[in-house]
Amino acid sequence: MANPGGVLLVPIHEEDAAPPHGSPPSGPPPLPTKASRRFVMSSSPPSPTRSVAADAGTSGGTPAPLLSLRGISKSFGAVAALSGVDLDVSAGEVVALVGDNGAGKSTLVKTLSGVHPPDSGTITFESREVSVTSPAAAQQLGIATVFQDLALCENLNVIENLFLGRELRGLRLDDVTMEVRSRELLKQLSAKIPSVRVPIAGLSGGQRQTVAIARSLLGDPKVIILDEPTAALGVAQTAEVLNLIERLRERGHGVIMISHNMADVKAVADTVAVLRLGRNNGVFDAATTSAEELVAAITGATDNEVTRRALRSAGAAAVKTPAQPAGTTADKEGDADE
Amino acid sequence: MSDVDVRPPAAATGTAGAADEPSGVRGAFSALTARMRGGDLGVAPVVAGLIVIWTVMQILNPVFLSSDNLSNLTMEMVPVGVISLGVVFMLLVGQIDLSVGSLSGVSAAVTAVLFVDQGFNPWLAVLAAVALACLIGWVYAQVFNRFGVPSFVITLAGLLGFLGLQLHVLGAKGAINLPFDSKLVTFAQLDFVPPWLAYTLVVIAAAALYGTGQARASARRKAGLTATSQRMLVLRSVAVLAGLALAVWYLNRDRGVGWMFVFFLALVLVANYVLTRTKYGKAVYAVGGNVEAARRAGINVRTIYTSAFVICTTLAAIGGILAAARLAAANQSTGAGDVNLNAIAAAVIGGTSLFGGRGGAWASLLGILVIQSISNGLTLLNLDSSYRFMVTGVVLMLAVALDSVARRSRASAGRA
């Protein structure tokens, strides 16, 4: 509840003023301003990327993104999981983080959530350079993560899981307030949980996902990271979770969503950031980029001279090519021995 | 299959309250039966087991349920009971301490040497022994946290090492007698609560139960939540009042209620409060249920492990000192033999899972009551320890088997 108004509300207005989700950008292609160049990573033809600068045009200034990563690298032994990855998230924006298996999505999320601090690179949160050294530090900053394995304790009930690690009144638990707040929160998310006093073991997969997301909201975070939130869910439950993500955006949270499901990505994301072999492989506007183009970026189909030339000559600039060819992770091996 | 456990959660301690708080007596009863049918047996099997054991023992030897013997039983169970309370903490975080027996022996030896041989003030001697145990627990935790050695192995090494230390400290004599008139020995053997005070404590306990229940119910009602009905609250307090008063009256026909037993009860109550009503307690259950989830929730998992190790070794030390005081001697067999396994078995029989995250403080009291009843009853029948071991083994096996059945029905009822 540290900043219920100001910081969160302003971006919402900006979001309202921006072209509605699903329609093409109304204005001319954004100028390659400093902000957008950073965002796009290469000075190729005008990008369809909906840059932060373009959105912010109505409010005059160029507000820095809520969270921005620059040159994040992380190695595990000789394996460079991430090399020089950049990522930006604004308030009220859903960024889908996509990539093939082993592209480094989960590692990137773990660096953000304090599970694996990065070897190098900077994390800027609300225009301040921060270091996220532990899950508790991430929580304190206002970065909440819902992991794919949900990280719930099956032996504890819904309330205990929601408030785990941040119980009210540590020496004499205020379980009445905690129960009231749990019920309110779950109601806001229109969650269908049989009882808040039932152990997690008795809940279905979708209900557990809802509890996990609700849990991440309790600390009033500014950025919420969802690791494959719809991976194990049925059709109806997936729709529920997607609704939930849209509700998070309406509330002005920055959302990073990892997903393998292009339909889900197209449905809720504003921006799609592609990772390939531990490097950025372009940032796309979800509204104007087709699923095929995204898949091409994920698999690296665009990643050779032939396609790049074909694209150039066709004038189709929908896809950003990476600044440097991917797959050369070996040059980061120097970082390996930390 | 990773979350298999051996015993159902102790529902009475409210570790993982099943359904919404029932309202009314009938609501409470139907919630209880529904929970039992779902395989959430709570303390019911232990209580049922106790009734069976007591009935059988009484039939075999009418002395068993006499005031004299029960008074004795309440005193005898305290040392191992205190140790088993520490074991409960270790089991709740999903670890185990096999060295509690040796540690209790070392602490008894250190206390005796400092007090009798070195002429220290007895309380200073006790304090030194407890501090040593704290240190040992801390060292265990450092090895566990830093090197990732399984607690099973660390404490197995401790079991051997501290048995050696105990023998070394006791020296060639091998036994040190504690003076009979020392406060330590009288506390464990002769000090009984005066009847008026015992009844007063019973009334206070019942009133406190009603008061806290009432405060909680009204707070819940004010917040628009379901709450325990007034009638249920009264009924519960009256039942506790009557039960405890009857027990005090019966024990007072002989020597009465020992201060040592009151001490044990107080420890259990404090532990129960810490485990169920504090942030720390929730962290303990969370670490036992899912370490990774606990870590990501911002809980300092290492601190929780360290605290569990230290609590366990400290309570083991206190148990060992009480055992020596009760015997009025610290010798080479203090904490040896079956103390170790009885302490762990008591925690498990009482309803604490060997796999972490389920159980509660009351498990140590109920479990040790079962084990001590068997031991006491068989001793009254002039049967030697061979029978005691065998019967205790069968009871432990029954407890574990019963839980496996309960766990299966829990899984099918979605309570896990």
Side-chain angles (χ1 to χ4, degrees), chain A residues 110 113-115 134-140 144-147 149-184 194-204 207-208 212 215-216 218-219 227, chain B residues 2-3 5 9 14-22 38 40 92 94 212 215-227 273-274 276-283 285-301 353 355-359 410-411 413-416:
Chain A
K110 282 177 180 163
S113 55
V115 178
S134 71
Q139 254 180 35
Q140 238 148 35
T145 310
V146 180
F147 288 96
D149 57 2
L150 300 185
L152 299 170
C153 292
E154 296 210 344
N155 57 332
L156 299 180
N157 67 28
V158 175
I159 308 170
E160 288 166 332
N161 266 290
L162 285 176
F163 280 91
L164 189 61
R166 48 172 163 248
E167 290 87 350
L168 306 177
R169 278 212 323 248
L171 291 177
R172 195 162 63 87
L173 292 182
D174 187 358
D175 52 352
V176 174
T177 310
M178 287 197 280
E179 181 160 349
V180 170
R181 279 191 63 189
S182 300
R183 283 169 185 263
E184 276 171 4
S195 160
V196 288
R197 293 165 72 84
V198 71
I200 292 297
L203 299 184
S204 74
Q207 289 167 336
R208 291 180 192 205
R215 195 183 130 62
S216 74
L218 263 182
D227 190 356
Chain B
S2 62
D3 58 342
D5 68 19
T15 54
D20 277 291
E21 196 108 326
D40 195 350
L92 281 180
T212 52
R216 189 180 148 80
S218 71
R220 286 181 65 85
R221 258 191 287 273
K222 210 157 84 187
L225 302 172
T226 54
Y273 179 87
V274 167
T276 57
R277 306 285 305 150
T278 68
K279 186 180 171 120
Y280 168 79
K282 296 294 173 203
Y285 281 100
V287 168
N290 186 344
V291 192
E292 195 48 35
R295 199 156 75 90
R296 289 183 196 163
I299 292 170
N300 190 336
V301 173
S353 167
F355 298 90
R358 290 177 207 280
R410 264 208 311 282
R415 287 175 186 279

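Every heavy atom of this structure was used, including side-chain atoms; hydrogens, water molecules and symmetry mates were not. Per chain, numbering begins at 1; letters A, B, ... match sequence-line order. No experiment lies behind these values; they were computed from the predicted model shown.
- For the pairing with A/Asp175, the salt bridge (charged side-chain N to carboxylate O under 4.0 Å, His left out) check across B/Arg216, B/Lys279, B/Lys282 returns one residue only, B/Arg216.
- In the displayed structure, A/Leu171 atom CG is contacted under 6.0 Å by at most 12 heavy atoms of other residues, nucleotides or ligands.
- Between B/Gly298 and A/Gln139, the shortest heavy-atom distance links the atoms N-NE2, 4.3 Å.
- Rounded to the nearest 0.5 Å, atoms OG1 (B/Thr226) and CZ (A/Arg197) are 7.0 Å apart.
- In this structure, the side chains of A/Asp149 and B/Arg296 come closer than 4.5 Å at one or more pairs of heavy atoms.
- Applying the 6.0 Å contact sphere to CZ of B/Arg295 captures no more than 12 heavy atoms from other residues, nucleotides or ligands.
- Taking all atoms of both residues into account, the shortest heavy-atom contact from B/Gly357 to A/Asn155 is O-ND2, 2.8 Å.
- The heavy-atom pair separating B/Asn290 from A/Leu152 by the smallest distance is ND2-O, 3.0 Å.
- Smallest separation of non-hydrogen atoms from A/Leu173 and B/Thr276: CD1-O, 4.1 Å.
- Heavy atoms only, all atoms of each residue included: A/Cys153 and B/Ala293 are closest at SG-CB, 4.0 Å.
- For the set B/Val274, B/Val287, B/Thr278, the entry with the most heavy-atom pairs within less than 4.5 Å of chain A is B/Thr278.
- B/Arg277 contributes no side-chain N or O that, together with a main-chain N or O of A/Arg172, makes up a donor-acceptor pair within less than 3.5 Å.
- Contacts between A/Arg215 and chain B at a heavy-atom distance below 4.5 Å involve the side chain alone, from C-beta outward.
- Counting all heavy atoms, side chain and backbone alike, A/Gly165 lies closest to B/Ile299 at CA-CG1, 4.1 Å.
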